[in-house]
Amino acid sequence: MKQIDILIIGAGISGAVLAERYASIGKKVLIIEKRNHIAGNCYDYIDKNGILVSKYGAHLFHTNEELVWKYVNIFSQWYPWEHKVIAHVDNKMVPVPVNITTVNRLFGSNITTEDEMKGWLNENRTPIENPKNGEEAVLNKIGPILYDKMFKHYTKKQWDKFPIELDASVLERIPVRTNYDDRYFSDTYQALPKGGYTQLFENILKHHNIDILLETDYFDVKDQYSGYEKLFYTGPVDRFFEFKHSLTEKLEYRSINFVSETVDAPFFQENSVVNYPGMEVDFTRIIEYKHFGNQISDKTTIVREFTVDEGEPYYPVPNPRNEMIYSQYKTEADKLLDVHFVGRLANYKYFNMDQAFKNALDLFSELETEITQKTAV
Ligand code: FAD
């Protein structure tokens, strides 16, 4: 068997970055990935309509981290893309996050300045000093009318819980704009990779020191590998410990059922993403991939997203039960000095892509600095 210095489980952002960093200092790296492709949840491909689509939901890159922005630019060219989201409310299309246009369209008002918008919010919001749950957090920001139209049922569809049943932290950070800014994110860098994410990952992993074993579950083959210096594990933390701390079952996740459809028309909707926050349909949003990068094709592909309990693990469910179970795994994980638990599944935490890049880059620097310091002593 070939020599392996570094064994990495998972070819998503966390695994790919660590593989590239270690390969660059001469280490022989093997990545074991259970899916039949690299790129983790960022994986995209050209579909039958000739449109670049993401298999696991639209991925919009945005960051304020110079380090991350410089790193991703080594491996791909990027084009600027300021993401916008529209919501279908009361049969009207309104911008999300809530801004002046949202309020004017929904209520027929004629707000034109920031002061007027702040005044509208002050008149409509329900001030609550220390919101105890998600409902109070939203009422405190925007009041009952917008809460009902845009958050109450959307949250129920997304989490299978009403905001009142969720921690305040889940909804406390919803952005509300007092101007006309209709960008979904406000980070300094907002862009998409020119050739798509899969190509970005191919470039990150293109190194003679990196081997990749696809369609292989680490737990089916782990006894075949030994003698490596370090193991980086980016899969679910509870699976690593064979679920031994869960009281009844696995750590909970929300998953998404992506239902794709070809529409025989140039376009289906006016924007890449349209949210459906109301009760009239049971999906949360429709993505029309053709809008990203203004792609050209005769037909169009739309994907409806239904949030469900079962399936691929996507969003950790922040509640006291899961936090308690995770803390027990974390204690075990911290004891294993040469196994590193990296990324969103291993830390049971939602990461944006830039955070996943940053964590992996920081971990590599940290571990390599430790080695340099030990050698110097
Ligand atoms: P992953 O990408 O999940 O990689 C982990 C890999 O490990 C997977 O490929 C998995 O198959 C593999 N694996 C697991 N267990 C095993 C095993 N036993 N053996 C072998 N392999 C294994 N972020 C943004 O910044 N912008 C967005 O617009 C955005 N949209 C998102 C939309 C959705 C629906 C979701 C779920 C996430 C979104 N994200 C977005 C977050 C982004 O997907 C994550 O930041 C990123 O995927 C984290 O990378 P990772 O390496 O930690 O995990």
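Numbers here are sequence positions counted from 1. Side chains are part of it too, since the values below use all heavy atoms of this structure and drop only hydrogens, waters and symmetry mates. Start at 1 and go down the list; that is how both ligands and their atoms are numbered.
In the hydrophobic cluster analysis, where Ile, Leu, Val, Met, Phe, Trp and Tyr join through side-chain heavy atoms closer than 4.5 angstrom, Ile86 is grouped apart from Ile174.
Between Ala39 and ligand 1, not a single N/O pair is under 3.5 Å apart. Taking only nitrogen or oxygen atoms, main chain and side chain alike, Lys34 reaches within less than 3.5 Å of ligand 1. Of the N or O atoms in Tyr314, none lie within a sub-3.5 Å distance of an N or O in ligand 1. The N/O atoms of Leu60, backbone and side chain alike, include one that comes under 3.5 Å of an N/O atom in ligand 1. The shortest N or O to N or O distance between Tyr315 and ligand 1 is not under 3.5 Å. Residue Tyr218 places at least one N or O, backbone or side chain, under 3.5 Å from an N or O of ligand 1. Polar contact with ligand 1: absent for Tyr233 (N/O pair, distance under 3.5 Å).
Scanning the protein for heavy atoms near atom 25 (O) of ligand 1, the closest one is Met353 N, 2.7 Å. Summary of contacts: the protein heavy atom closest to atom 34 (C) of ligand 1 is Tyr56 O, 3.3 Å. In terms of protein heavy atoms, atom 7 (O) of ligand 1 is closest to Gly10 CA, 3.2 Å. Residue, atom and distance of the protein heavy atom nearest to atom 30 (N) of ligand 1 are Ala58 O, 3.2 Å. The protein non-hydrogen atom at the shortest distance from atom 40 (C) of ligand 1 is Tyr350 OH, 3.3 Å. From the protein, the heavy atom lying nearest to atom 9 (O) of ligand 1 is Glu33 OE1, 2.7 Å. When only non-hydrogen protein atoms are considered, atom 32 (C) of ligand 1 lies nearest to His59 CE1, 3.7 Å. In terms of protein heavy-atom proximity, atom 18 (N) of ligand 1 is nearest to Asp217 OD1, 3.0 Å.
Residue Gly343 approaches ligand 1 through these ligand atoms, each under 4.0 Å from one of its heavy atoms: 52 (O). Of all the atoms in ligand 1, the ones that sit under 4.0 Å from a non-hydrogen atom of Phe219 are 18 (N). Close contacts between ligand 1 and Gly40 involve ligand atoms 2 (O), 9 (O) [criterion: under 4.0 Å to a heavy atom].
The nearest non-hydrogen atom to atom 17 (C) of ligand 1, considering only Ile9, Val221, Val342, comes from Ile9. Remark: among candidates Thr234, Asn41, Thr216, the nearest residue to atom 2 (O) of ligand 1 is Asn41, based on non-hydrogen atoms. When the options Gly15, Cys42, Gly235, Gly12 are ranked by their closest heavy atom to atom 15 (N) of ligand 1, first place goes to Gly235. When Arg344, His37, Lys349, Gln355 are ranked by how near their heavy atoms come to atom 3 (O) of ligand 1, first place goes to Arg344.
Between Tyr233 and Phe219, the angle of the ring planes goes over 60°, which puts this pair in the perpendicular group of the 30/60° scheme. Note on ring orientation: taking the six-membered ring where Trp is involved, the planes of Tyr79 and Trp81 are perpendicular (angle over 60°, cut-offs 30° and 60°). Taking the six-membered ring where tryptophan is involved, the planes of Trp78 and Phe61 are tilted, since the angle between them lies from 30° to 60°. In this pair, Tyr56 and His37 present their aromatic rings tilted. The plane angle is within the 30 to 60° band. Ring-plane geometry between His291 and Phe267 is classed as tilted, the angle between the planes lying from 30 to 60 degrees on a 0 to 90 degree scale.
A salt bridge links Asp211 with Lys2: at least one charged nitrogen is closer than 4.0 Å to a carboxylate oxygen. A salt bridge does not link Lys28 to Asp5: none of the charged side-chain nitrogens sits closer than 4.0 Å to a carboxylate oxygen. Under a 4.0 Å N-O distance rule, the pair Asp181/Arg183 qualifies as a salt bridge.
Remark: the backbone N or O of Ala58 is paired with a side-chain donor or acceptor of Tyr289 at under 3.5 angstrom. Ser272 contributes no side-chain N or O that, together with a main-chain N or O of Glu288, makes up a donor-acceptor pair within less than 3.5 Å.
Not close to ligand 1: Ile38, with no non-hydrogen atom less than 4.0 angstrom away. Not a single heavy atom of Tyr43 sits less than 4.0 Å from an atom of ligand 1.
Within a 6.0 Å sphere centred on NZ of Lys92, other residues, nucleotides and ligands contribute more than 12 heavy atoms.
When non-hydrogen atoms are compared, ligand 1 lies under 4.0 Å from neither the backbone nor the side chain of Phe61. Heavy atoms of Pro236 found under 4.0 angstrom from ligand 1 belong exclusively to the side chain.
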Give the intermediate values and the outcome of salt bridge (Lys or Arg N to Asp or Glu O under 4.0 Å) for residues Glu312 and Arg35.
-> CA-CA 11 Å; Glu312 288 278 335; Arg35 291 173 173 164; 2.8 Å; yes

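Across Lys141, Lys152, Glu135, a single residue satisfies side-chain hydrogen bond (donor to acceptor under 3.5 Å, both in side chains) together with Tyr147, and that is Glu135.
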